[in-house]
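Quick note on labels: first sequence line is chain A, next is B, and so on, each numbered from 1.
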Amino acid sequence: MSTIQESEQTLIKAFEIFDDWLDKYNYIIELGKELEPIDETYRKEEFLIQGCQSQVWLQAEYKEGLIYFKADSDAIITKGIINLLLKVFSGRTPDEIINADMSYLDKIGLKEHLSPTRSNGLLSMMKQIKLYALAFKTKYQNS
Amino acid sequence: MMNIQTIRAEFPILDRTVYNKPLIYFDNAATTQKPKSVIEALTGYYQSENSNVHRGVHYLSQKATDAFEHCREQIREFIHAAHSREIIFTRGTTEGINLVASSFSKAFLSQGDEIIVSEMEHHSNLVPWQMACQDKGAFVKVLTFDENGILNLDDLDSLITDKTKLIAVNHVSNTLGTINPIKEIIARAHHYHIPVLIDGAQAISHIVVDVQDLDCDFYCFSGHKMYAPMGVGVVYGKEKLLNQMPPYQGGGEMIKNVSFKGTTYNELPFKFEAGTPSVGDVVAFEEAVNFIKRIGIRQIADYEMQLYRYAMAKMSCIPQIRFFGMSEHKVAIISFLVGKIHPYDMGMILDKMGIAVRTGHHCTQPIMEHFGIPGTVRVSFAVYNTEEEIDYFVESLKKAVDILK
């Protein structure tokens, strides 16, 4: 499997094809529609990352040294961006995630989604992904 | 007769583009754009008139004081208050309501008392009362609204008890656009000797406000929603009440004499204006009042409602569209959803088409809870919007629906 940087580069290149903002967002919406909806059992308070405008649910599983994420949102653009994040960060080791800088969303030009005031839950979700990595590392790897 | 193109020409920001598309600014309920005359008054103040007010003896300070106090008088006239000492300058509506809530509750609120607010209040006319009640062991009671966004006025009498100390309600709802029957609410409240605070933020640039005719006890509004800069607002309060209320903030300007033995406070309105005011913003505020008077508030109101009816007629043709706030008495604010499309998605796509709308709960979470929705998309017009803009908006809205459904 490619490294995190390689995955990020693939996505950054995919977006460079689009000149117009509307086309970029059409692509994000396609990604959103592509994202598998999260199981009902996880659409609950304990997995909820509250945003002011759209909500995000995030679930993580540790299997044979790798972390797998599932996530969902009630807004389709947020789902698209979640898909972008999971394509890069799901199926990685805790260390890979802990050391990743996550700035590629900025490079794609989606910085506006990461502003804390935007409150669509994404910034919190990215923090949560890192927290999960730290927690799994501590639980399973530090012995 | 107003010439819309001449009016638009006074607003430099309307020429700009966003994402290489012309800006269509439909977020006026959040803040309005400023005409050149207002911008120039602000910069002109700092270029040639800047000085601190009220205590100086030199030429510039006298000029600044005159300009500042002249604006106070213009505001008094604009809302038809009886005395200019009943006009207090603040940073905005939120600060104004906090001022009244804090000061009024110190003077009049005790444990077990009640304050009535409506279910459609902006958080700024809800949270200060919750905080005041928490402080004093008092309670907030709620006057609800119906599925059309109209207050259940019949419930008011049963909500009022001998513990009710104040009623706080907005003149116009920023989310629903409803113009509330505040004159009647005030009359009923006064029958029981209960004072009323009106949040006028959303009303002040859209309808005629006459505080003596309304007989409200407090009326709060912001400059930035009526073509003036951010950072300035007004609390109107009846002299008799304000005189019984302690100051809000302490410091310079609001005092008469200060010593370690004791301090006495200044008379109205200065008692409630601690520290250096934003004189430049106040000077520019007067220009905004002049701008409105030049066109005429009734002309503005009529034109905006013309835009509203035009937009509603076109938008109603969109399948699965749902409007929130269907009172017959409204200002030009339209909150809507289309099918199951999340308002956040809608707003993001409209943004990429150059259209500025607001999405979310609009600082009125109780309204969203009432309807069981995550938020709405809100379109709000001002005097410089046009039917052409609405045409483009409706076409864009249809495109957005196709992309998102």
Side-chain angles (χ1 to χ4, degrees), chain A residues 15-35 37-38 43-45 48-57 71-85 105 108-125, chain B residues 17-24 27 30-31 122-123 127 175 335 337-369 371-378 392-393 395-405:
Chain A
F15 270 91
E16 272 168 8
I17 306 175
F18 306 110
D19 283 324
D20 188 59
W21 274 105
L22 209 44
D23 292 331
K24 280 199 222 242
Y25 272 85
N26 262 315
Y27 180 54
I28 293 171
I29 289 163
E30 285 312 310
L31 288 173
K33 289 183 180 164
E34 192 189 281
L35 185 74
I38 204 170
R43 261 186 172 246
K44 277 203 207 92
E45 194 72 41
L48 180 66
I49 300 171
Q50 195 106 58
C52 184
Q53 300 238 19
S54 64
Q55 298 176 103
V56 173
W57 295 272
D72 205 346
S73 172
D74 53 351
I76 204 159
I77 289 173
T78 310
K79 281 176 82 153
I81 300 174
I82 286 171
N83 200 349
L84 286 174
L85 282 170
L105 279 186
I108 292 176
L110 296 174
K111 190 176 179 185
E112 58 177 324
H113 294 282
L114 309 180
S115 119
T117 56
R118 187 56 64 113
S119 302
N120 58 11
L122 274 173
L123 196 63
S124 308
M125 180 177 141
Chain B
T17 59
V18 294
Y19 314 109
N20 295 314
K21 301 182 175 83
L23 167 67
I24 292 183
D27 193 19
T31 199
H122 186 284
H123 297 164
V127 180
T175 297
S335 262
L337 288 173
V338 181
K340 291 211 181 81
I341 297 172
H342 198 284
Y344 174 76
D345 291 325
M346 184 74 86
M348 292 266 13
I349 298 297
L350 287 171
D351 169 51
K352 303 300 174 279
M353 296 167 166
I355 301 166
V357 296
R358 189 149 291 250
T359 67
H361 57 63
H362 312 295
C363 297
T364 54
Q365 282 180 324
I367 294 182
M368 303 306 137
E369 214 181 295
F371 288 113
I373 53 179
T376 70
V377 183
R378 181 189 67 187
Y392 179 76
F393 162 68
E395 286 317 302
S396 307
L397 184 56
K398 290 180 184 158
K399 279 199 199 123
V401 171
D402 277 335
I403 296 171
L404 290 166
K405 67 168 186 259

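- By the salt bridge (Lys or Arg N to Asp or Glu O under 4.0 Å) test, A:Lys33 is found to be paired with no residue, residues two or more places apart in sequence or in another chain being considered.
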Derivation and outcome, salt bridge (charged side-chain N to carboxylate O under 4.0 Å, His left out), residues A:Lys79 and B:Asp345: CA-CA 10 Å; A:Lys79 281 176 82 153; B:Asp345 291 325; over 6 Å; no
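- Using a 4.5 Å cut-off between heavy atoms, A:Ile76 touches chain B through backbone and side chain atoms alike.
- Distance check, rounded to the nearest 0.5 Å: OG1 of A:Thr78 to CE of B:Met348 gives 9.0 Å.
- Separation of atoms CH2 (A:Trp21) and CG (B:Asp351) is listed at 9.5 Å; rounding is to 0.5 Å.
- Within 6.0 Å of atom CG in B:Asp402, more than 12 heavy atoms from other residues, nucleotides or ligands are found, so the atom counts as buried in its surroundings.
- A distance of 9.5 Å separates CE in B:Met353 from CG in A:Asp20, rounded to the nearest 0.5 Å.
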